[in-house]
Amino acid sequence: MKRSLSIEKTSRRKRRESGQSAVELALTLPLVLLLIFGMLEMGWMASTRLLLDNITREGVRSGIVATSTTANTAEVIDRINEMKPSYLTGEINITVTYSNPSDFRSGDITVVSTYNLAPLTPLTAFLTEDGTFHLRSECTMKMS
């Protein structure tokens, strides 16, 4: 008789707790998904920022050996656009400035590249003001 009471209590407890795992999943799943997608998004953004830094630096390197400011600026912009990978579908905004415009060979060249990166997932779009991540890279080198 005692054994049947023990079995009956255990089965009642299992019936009472049968929805517990579903409730726990419903409470934790959004947080886990946000954490996973956030990590993916930050990795994507960091990778794209590193790429933007590299192509900006390469653009400046191609511009430090120029003969005129207009040819130099065109060379920098062309080099950055050549190196831009195909998966970056948006436009890279490029600004080229010289520290000494009257004698550009004696100063520095500064290139600023900006790119608007769309989020990979809609779950992380709330992290930005307008739904895009605004990436900016700047590089300055001495003219040779």
Side-chain angles (χ1 to χ4, degrees), residues 5-144:
L5 280 175
S6 167
I7 293 172
E8 190 175 307
K9 279 185 178 180
T10 304
S11 69
R12 244 187 286 149
R13 189 178 309 145
K14 282 185 179 181
R15 267 186 266 133
R16 221 175 41 220
E17 295 176 358
S18 65
Q20 178 183 354
S21 60
V23 171
E24 288 175 356
L25 178 68
L27 290 174
T28 59
L29 187 63
L31 295 173
V32 170
L33 287 176
L34 186 62
L35 182 66
I36 290 171
F37 288 135
M39 287 188 301
L40 288 172
E41 195 73 58
M42 292 304 123
W44 168 248
M45 189 170 57
S47 172
T48 305
R49 170 63 197 274
L50 184 61
L51 174 88
L52 190 62
D53 287 343
N54 287 336
I55 64 176
T56 301
R57 184 175 50 250
E58 283 298 315
V60 172
R61 287 183 65 204
S62 69
I64 61 175
V65 293
T67 56
S68 72
T69 56
T70 55
N72 190 37
T73 301
E75 177 67 27
V76 169
I77 292 171
D78 290 344
R79 180 69 176 149
I80 289 174
N81 285 324
E82 283 172 12
M83 293 190 67
K84 181 178 104 171
S86 60
Y87 65 85
L88 293 181
T89 57
E91 181 183 346
I92 296 177
N93 297 317
I94 304 162
T95 306
V96 181
T97 56
Y98 302 94
S99 63
N100 187 0
S102 60
D103 183 19
F104 76 99
R105 301 289 302 156
S106 66
D108 299 337
I109 179 174
T110 300
V111 176
V112 177
S113 300
T114 58
Y115 184 75
N116 295 328
L117 181 67
L120 285 174
T121 62
L123 291 176
T124 55
F126 76 92
L127 296 173
T128 66
E129 290 179 13
D130 57 354
T132 59
F133 296 105
H134 304 286
L135 303 180
R136 182 179 187 274
S137 178
E138 181 175 340
C139 185
T140 301
M141 286 188 185
K142 185 75 78 186
M143 295 293 286
S144 59

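Just so it is clear, the values below take in all heavy atoms, side chains as well, and ignore hydrogens, waters and symmetry mates.
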Heavy atoms only: give me the nearest [X]-[Y] pair and the separation to one decimal.
{"X": "N72", "Y": "G63", "answer": "OD1-O, 2.5 Å"}
{"X": "K142", "Y": "I64", "answer": "O-CG2, 3.8 Å"}
{"X": "L52", "Y": "T56", "answer": "O-OG1, 2.7 Å"}
{"X": "M45", "Y": "L117", "answer": "CA-CD2, 3.9 Å"}
{"X": "D108", "Y": "S99", "answer": "N-OG, 2.6 Å"}
{"X": "G59", "Y": "V76", "answer": "O-CG2, 3.3 Å"}

Open item on the list: A side-chain contact here means heavy atoms from C-beta on lying under 4.5 Å apart; do L135 and T48 qualify?
Closed with: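 A side-chain contact under 4.5 Å exists here.
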Can any side-chain N or O of [X] pair as donor or acceptor with the backbone N or O of [Y] at less than 3.5 Å?
{"X": "E41", "Y": "L120", "value": "yes"}
{"X": "S47", "Y": "G43", "value": "no"}
{"X": "R136", "Y": "Y115", "value": "no"}
{"X": "K84", "Y": "E91", "value": "no"}

Measure the [atom1]-[atom2] distance between [X] and [Y] for me, rounded to the nearest 0.5 Å.
{"X": "R61", "Y": "R79", "atom1": "CZ", "atom2": "CZ", "result": "8.5 Å"}
{"X": "E138", "Y": "T110", "atom1": "CD", "atom2": "OG1", "result": "6.0 Å"}
{"X": "D130", "Y": "N116", "atom1": "CG", "atom2": "CG", "result": "7.0 Å"}
{"X": "L51", "Y": "M83", "atom1": "CG", "atom2": "CE", "result": "8.0 Å"}
{"X": "N81", "Y": "L88", "atom1": "CG", "atom2": "CG", "result": "11.0 Å"}
{"X": "I94", "Y": "I80", "atom1": "CD1", "atom2": "CD1", "result": "4.0 Å"}

TODO: Return yes if a side-chain donor-acceptor contact under 3.5 Å exists between Y98 and T73, otherwise no.
DONE: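 There is such a pair between these side chains.
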Task: Side chains of S102 and N100, donor plus acceptor under 3.5 Å - done: yes
- [ ] State plainly whether the residues D53 and R57 are in salt-bridge range, i.e. N to O under 4.0 Å.
- [x] no
